[in-house]
Amino acid sequence: MIRGLAICLGGIAAVCLTGCGAFDSRVEWASGPYEVLWVDEPADAHLAYHLTTTSSAPVVNACVSAVAENADYIAVRQRLRVVGAVERFVILPKRRYQPMADTASIVIGPLSAAQYAQASSRLALPALTPVGEPDICNGASRLYGGP
(Lines give C-alpha, C1' and ligand atoms only; values in the text may rest on other atoms or scores of the structure.)
Protein backbone atom coordinates (compact mmCIF):
# COMPACT_ATOMS: atom_id res chain seq x y z
CA MET A 1 0.00 0.00 0.00
CA ILE A 2 2.74 2.46 0.95
CA ARG A 3 4.77 1.47 -2.10
CA GLY A 4 1.75 2.10 -4.36
CA LEU A 5 1.21 5.50 -2.77
CA ALA A 6 4.90 6.37 -3.23
CA ILE A 7 4.74 5.38 -6.91
CA CYS A 8 1.57 7.44 -7.39
CA LEU A 9 3.06 10.50 -5.69
CA GLY A 10 6.28 10.08 -7.69
CA GLY A 11 4.27 10.00 -10.91
CA ILE A 12 2.34 13.12 -9.96
CA ALA A 13 5.58 14.93 -9.07
CA ALA A 14 7.16 13.90 -12.38
CA VAL A 15 4.18 15.18 -14.35
CA CYS A 16 4.20 18.52 -12.48
CA LEU A 17 7.95 19.02 -12.79
CA THR A 18 8.16 18.21 -16.50
CA GLY A 19 5.52 20.77 -17.40
CA CYS A 20 3.16 18.48 -19.25
CA GLY A 21 0.87 21.41 -19.81
CA ALA A 22 -1.46 21.13 -16.84
CA PHE A 23 -0.50 24.61 -15.65
CA ASP A 24 1.61 26.00 -18.53
CA SER A 25 -0.06 29.01 -20.10
CA ARG A 26 0.38 32.75 -20.46
CA VAL A 27 -1.41 35.77 -21.85
CA GLU A 28 1.15 37.57 -24.04
CA TRP A 29 -1.06 40.51 -25.03
CA ALA A 30 -4.54 41.73 -24.13
CA SER A 31 -6.86 44.54 -25.14
CA GLY A 32 -10.46 44.55 -24.00
CA PRO A 33 -11.86 41.06 -24.57
CA TYR A 34 -9.14 40.12 -27.07
CA GLU A 35 -5.94 38.37 -26.02
CA VAL A 36 -3.00 36.50 -27.46
CA LEU A 37 -2.37 33.54 -25.23
CA TRP A 38 -0.76 30.13 -25.29
CA VAL A 39 -1.46 26.87 -23.52
CA ASP A 40 1.13 24.09 -23.15
CA GLU A 41 3.82 25.75 -25.25
CA PRO A 42 4.63 29.24 -26.55
CA ALA A 43 4.31 28.14 -30.20
CA ASP A 44 0.59 27.68 -29.49
CA ALA A 45 0.09 31.47 -29.15
CA HIS A 46 -3.24 32.38 -30.73
CA LEU A 47 -5.68 35.29 -30.80
CA ALA A 48 -8.72 34.60 -28.65
CA TYR A 49 -11.83 36.37 -27.40
CA HIS A 50 -12.05 36.29 -23.60
CA LEU A 51 -15.50 34.93 -22.63
CA THR A 52 -15.25 34.33 -18.87
CA THR A 53 -12.53 34.21 -16.25
CA THR A 54 -11.75 30.64 -17.30
CA SER A 55 -12.65 30.41 -20.98
CA SER A 56 -12.04 32.03 -24.34
CA ALA A 57 -13.02 31.45 -27.94
CA PRO A 58 -10.27 31.06 -30.56
CA VAL A 59 -10.25 33.72 -33.27
CA VAL A 60 -6.92 33.16 -35.10
CA ASN A 61 -5.07 29.88 -34.63
CA ALA A 62 -1.42 29.46 -33.67
CA CYS A 63 1.26 30.63 -34.21
CA VAL A 64 0.68 34.36 -33.61
CA SER A 65 3.91 36.30 -33.22
CA ALA A 66 2.89 39.98 -33.50
CA VAL A 67 -0.16 42.20 -33.03
CA ALA A 68 -1.32 45.63 -34.21
CA GLU A 69 -4.51 47.34 -33.13
CA ASN A 70 -6.51 50.48 -33.62
CA ALA A 71 -10.07 51.36 -32.55
CA ASP A 72 -11.63 49.26 -35.32
CA TYR A 73 -9.24 46.42 -36.15
CA ILE A 74 -6.82 43.91 -34.70
CA ALA A 75 -4.15 42.49 -36.99
CA VAL A 76 -1.87 39.55 -36.27
CA ARG A 77 1.19 38.06 -37.91
CA GLN A 78 1.01 34.30 -38.02
CA ARG A 79 3.35 31.56 -39.16
CA LEU A 80 2.03 28.05 -39.54
CA ARG A 81 3.92 25.59 -37.37
CA VAL A 82 5.70 23.76 -40.15
CA VAL A 83 9.27 24.12 -41.32
CA GLY A 84 9.52 26.56 -44.23
CA ALA A 85 6.11 28.17 -43.74
CA VAL A 86 5.90 31.83 -44.72
CA GLU A 87 4.40 34.53 -42.58
CA ARG A 88 0.82 35.45 -43.18
CA PHE A 89 -1.35 38.18 -41.77
CA VAL A 90 -4.96 38.31 -40.60
CA ILE A 91 -7.06 41.40 -39.86
CA LEU A 92 -10.17 41.21 -37.68
CA PRO A 93 -12.85 43.93 -37.57
CA LYS A 94 -13.32 44.14 -33.79
CA ARG A 95 -16.91 45.40 -33.75
CA ARG A 96 -18.18 42.76 -36.18
CA TYR A 97 -16.73 39.73 -34.38
CA GLN A 98 -19.23 37.45 -32.64
CA PRO A 99 -17.82 34.68 -30.39
CA MET A 100 -18.54 31.17 -31.63
CA ALA A 101 -19.84 32.44 -35.00
CA ASP A 102 -18.24 31.70 -38.35
CA THR A 103 -15.61 34.40 -38.90
CA ALA A 104 -14.83 33.58 -42.54
CA SER A 105 -17.06 36.36 -43.86
CA ILE A 106 -15.56 39.13 -41.70
CA VAL A 107 -11.86 38.26 -41.38
CA ILE A 108 -9.52 39.92 -43.86
CA GLY A 109 -6.93 37.35 -44.87
CA PRO A 110 -4.84 35.42 -44.71
CA LEU A 111 -2.72 38.03 -46.47
CA SER A 112 0.82 38.00 -47.78
CA ALA A 113 3.28 40.60 -46.43
CA ALA A 114 2.70 42.81 -49.49
CA GLN A 115 -1.09 42.53 -49.21
CA TYR A 116 -0.91 43.27 -45.49
CA ALA A 117 1.22 46.38 -46.07
CA GLN A 118 -1.45 47.78 -48.39
CA ALA A 119 -4.39 46.83 -46.14
CA SER A 120 -2.76 48.06 -42.93
CA SER A 121 -2.01 51.42 -44.55
CA ARG A 122 -5.58 51.75 -45.82
CA LEU A 123 -7.01 50.81 -42.38
CA ALA A 124 -4.53 53.05 -40.49
CA LEU A 125 -3.13 50.18 -38.43
CA PRO A 126 0.04 50.91 -36.46
CA ALA A 127 3.20 48.85 -36.81
CA LEU A 128 3.01 45.27 -35.59
CA THR A 129 4.35 44.71 -32.07
CA PRO A 130 6.07 41.35 -31.43
CA VAL A 131 4.51 39.14 -28.76
CA GLY A 132 5.86 36.00 -27.12
CA GLU A 133 9.22 34.39 -27.68
CA PRO A 134 11.15 35.54 -30.77
CA ASP A 135 11.24 33.03 -33.64
CA ILE A 136 9.18 30.45 -31.74
CA CYS A 137 7.04 29.98 -34.85
CA ASN A 138 9.90 29.20 -37.22
CA GLY A 139 9.25 25.46 -37.22
CA ALA A 140 10.72 25.22 -33.72
CA SER A 141 7.69 23.72 -32.05
CA ARG A 142 8.27 20.60 -29.97
CA LEU A 143 4.85 19.31 -31.01
CA TYR A 144 5.32 19.74 -34.74
CA GLY A 145 8.75 18.35 -35.41
CA GLY A 146 10.70 21.51 -36.03
CA PRO A 147 14.50 21.62 -35.97
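Along the sequence shown, the residues carry numbers beginning at 1. Here the structure is a predicted model, which means the values were calculated and not measured.
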Handout entry: Path from Leu92 to Tyr73 over hydrophobic side-chain contacts below 4.5 Å
Key = no
Handout entry: Value rounded to 0.5 Å, distance of OH in Tyr49 from OG in Ser55
Key = 11.5 Å
Exercise for the section: Go through the structure and list residues passing side-chain contact (heavy atoms from CB on, under 4.5 Å) with Ala113, not counting sequence neighbours. Expected result: Phe89
Exercise for the section: Identify the heavy atoms of Lys94 and Ala71 that sit nearest to each other, and give their distance. Expected result: CE-O, 3.3 Å
Problem - Trp38 side chain reached by Val64 side chain, heavy atoms, under 4.5 Å - result: no
Problem - Heavy-atom pair of closest approach, residues Leu128 and Ala66 - result: CB-CB, 3.9 Å
Handout entry: Straight-line distance of Glu69 CD to Trp29 CH2, nearest 0.5 Å
Key = 4.0 Å
Problem - Approximate separation, where rounding is to 0.5 Å, of Ile108 CD1 and Gln115 CD - result: 11.5 Å
Problem - Sub-4.5 Å side-chain heavy-atom contact between Ser56 and Glu35 - result: yes
Practice task
Answer yes if Leu111 and Ile106 sit in the same cluster of Ile, Leu, Val, Met, Phe, Trp and Tyr residues linked by side chain heavy atoms under 4.5 Å apart, and no otherwise.
Solution key: no
Handout entry: Inter-residue atom distance Glu87.CD - Ser65.OG, 0.5 Å rounding
Key = 6.0 Å
Problem - Closest approach of Gln78 to Asn61 (non-hydrogen atoms, all atoms of both residues) - result: NE2-O, 2.7 Å
Problem - Note, Leu123 side chain near Asp72 side chain (heavy atom, < 4.5 Å) - result: no
Practice task
Measure the shortest side-chain to side-chain distance between Tyr34 and Val67 over non-hydrogen atoms and say whether it is less than 4.5 angstrom.
Solution key: no
Fill in the blank from the handout: CG (Asp44) and CZ (Arg26) are apart, to the nearest 0.5 Å, by 13.5 Å
Completion exercise
Here the pair of heavy atoms bringing Tyr116 nearest to Pro126 is OH-O, 4.4 Å
Completion exercise
Tightest non-hydrogen contact, residues Ala119 and Ile91, listed as CB-CD1, 3.8 Å
Fill in the blank from the handout: Sorted by chain and number, sequence neighbours left out, side-chain contact (heavy atoms from CB on, under 4.5 Å) with Gln118 holds for none
Exercise for the section: Kindly compute the distance separating CG (Asn70) from CG (Leu125), expressed to the nearest 0.5 Å. Expected result: 4.5 Å
Exercise for the section: For His46 and Val60, work out which heavy atoms get closest and say how close. Expected result: CB-O, 3.1 Å
